[in-house]
Amino acid sequence: MSRPVPKPGILDIAPYVPGKSGAGVHGRVFKLSANEAALGPSPKAVEAFSRTAGGLEIYPDGSARLLREAIGNNFNIDPANVVCGVGSGELLHTIANIYLGPGDEAIHTTHGFLLYPIATMSNGATNVVAAEKNLTADVDAILAAVTPRTKIVWLANPNNPTGTYVTAAEVKRLRENLPPQTLLVLDAAYADFCSNADYEAGIELVKATDNTVMARTFSKIHGLAAVRLGFIFGPSHLIDVVNRVRDPFNANGPAMQAAIASLADTEHYRAAQAHNEKWRTWLTDEVARLGLTVTPSAANFILIHFPTTPGKTAADADAFLTKRGLILRAVTAYKLPQALRLSVGTEEANRLVVEALREFMGSN
């Protein structure tokens with residue numbers, strides 16, 4: 001039977017599989033698999049979102065002017081160099097659509113975000129993997145993987161699912177040694193959680209160069225994952241091209257109003273940062289006391305490594321926790337078969353998961 005056939009390479013793409021949401025689990029569920037905001041969105045953002053209910057028949061501002069201005073004020077960047085979209089993921093796909101094609105290459109690191117190979121391969125380009133060092137992106141390995149065909153380097157910083165980060169000095173060294181025609185894409189979805197003095201999300205590098213772009217999201221610390229909103233900050237030539245090809249009205253009105261209100265609520269933002277700092281440290285210490293290895297994290301989650309001992313593996317732990325309504329993220333698709341990613345949750349959720357892990361590790 002004759003039927004439409006996808007472009008070459010499309011069927012080679014492994015589909016993105018999200019973490020479990022608790023389906024099939026009876027009783028109370030604590031979803032700690034998606035790095036969602038432990039404190040939820042700002043109440044002011046919820047109120048702003050609700051106020052839009054009376055005008056849902058009206059198209060939103062296709063240029064997202066008010067939101068771009070709010071972003072500009074918040075980050076001290078030019079709103080003209082910002083594009084908003086349906087989460088940062090849509091914009092990363094748009095960048096790939098613009099700059100990648102058959103014969104091109106794009107680099108990401110071993111445990112980089114799964115969206116990168118999807119965006120690369122869906123455009124017929126070759127996905128190149130650079131080895132990491134201690135679960136951290138290695139600038140020298142990335143540079144060694146560069147060829148004349150390298151059009152994009154994808155770098156999540158901090159990285160999901162490892163939680164590790166690359167210092168500002170190392171990111172700058174990477175940019176300085178990449179060919180000028182290679183675009184460095186800095187995915188800073190978790191930047192709000194990294195307070196380390198040697199870290200910088202990429203704003204200064206974008207301002208100083210003509211071949212770097214930074215992506216951010218409102219899904220994490222702002223707690224607006226359900227409404228799907230993100231933005232990129234880049235050089236004028238890139239922004240011009242993105243605006244030529246992006247979908248019209250690609251950021252919805254209620255989401256933009258919620259984001260504007262969230263950016264203005266600095267008290268809630270700081271509370272979310274403080275909560276994450278406190279409980280990320282607590283989780284890291286308490287889980288380590290159980291004899292499990294935890295990768296030091298600069299994000300709002302930790303990566304827990306389990307032994308290969310039968311009955312004590314990551315899969316065993318996942319099944320044990322799931323039965324108790326504690327949903328973590330298996331990361332086998334990230335080539336980490338003996339690890340689980342645990343999002344920082346509420347105080348109650350954090351204490352329950354540690355108690356359950358203590359029971360798991362103590363059981364025969």
Query - D140 and K133: CA distance, side-chain angles, deciding distance, salt bridge (charged side-chain N to carboxylate O under 4.0 Å, His left out) verdict - result: CA-CA 10 Å; D140 291 321; K133 185 180 292 183; 5.6 Å; no
Requested in this report: Show the numbers, then the answer: is there a side-chain hydrogen bond (donor to acceptor under 3.5 Å, both in side chains) between Y165 and N159?
Outcome: CA-CA 6 Å; Y165 76 99; N159 183 59; over 6 Å; no
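Taking the ring centre of F301 as origin, the terminal cationic atom of R341 falls inside the region bounded by 6.0 Å and 45° from the ring axis. Geometrically, R351 does not engage W279 in a cation-pi contact, judged by NZ or CZ lying under 6.0 Å from the ring centre and within 45° of the ring axis.
Each salt bridge (charged side-chain N to carboxylate O under 4.0 Å, His left out) pair with one or both residues in residues 258-274, not counting sequence neighbours, would appear here, but there are none.
With no hydrogens or angles considered, a side-chain donor-acceptor pair links S236 and N81 at under 3.5 Å. Side chains of N123 and N97: a donor-acceptor N/O pair is present below 3.5 angstrom, by distance only.
By the 6.0 Å contact criterion, NZ on K172 is open, its count of non-hydrogen atoms from other residues, nucleotides or ligands being 12 or less.
Remark: E176 does not engage R173 in a salt bridge, criterion side-chain N to carboxylate O under 4.0 Å. Electrostatic pairing of E36 and K220 does not count as a salt bridge here, judged by no charged N lying under 4.0 Å from a carboxylate O. Under 4.0 Å is where a charged nitrogen must lie from a carboxylate oxygen, and between K151 and D104 at least one such pair does.
Taken together through direct or relayed side-chain contacts under 4.5 Å among Ile, Leu, Val, Met, Phe, Trp and Tyr, V353 and L292 form part of one hydrophobic cluster.
Taking the side-chain contact (heavy atoms from CB on, under 4.5 Å) definition, one finds that E277 meets it with S195, R280, sequence neighbours left out. Residues passing the ring pair (Phe, Tyr, Trp, His ring centres under 6.0 Å) test with H111: none are found, sequence neighbours excluded.
Closest approach of T164 and P296 over heavy atoms only: CG2-O, 4.0 Å.
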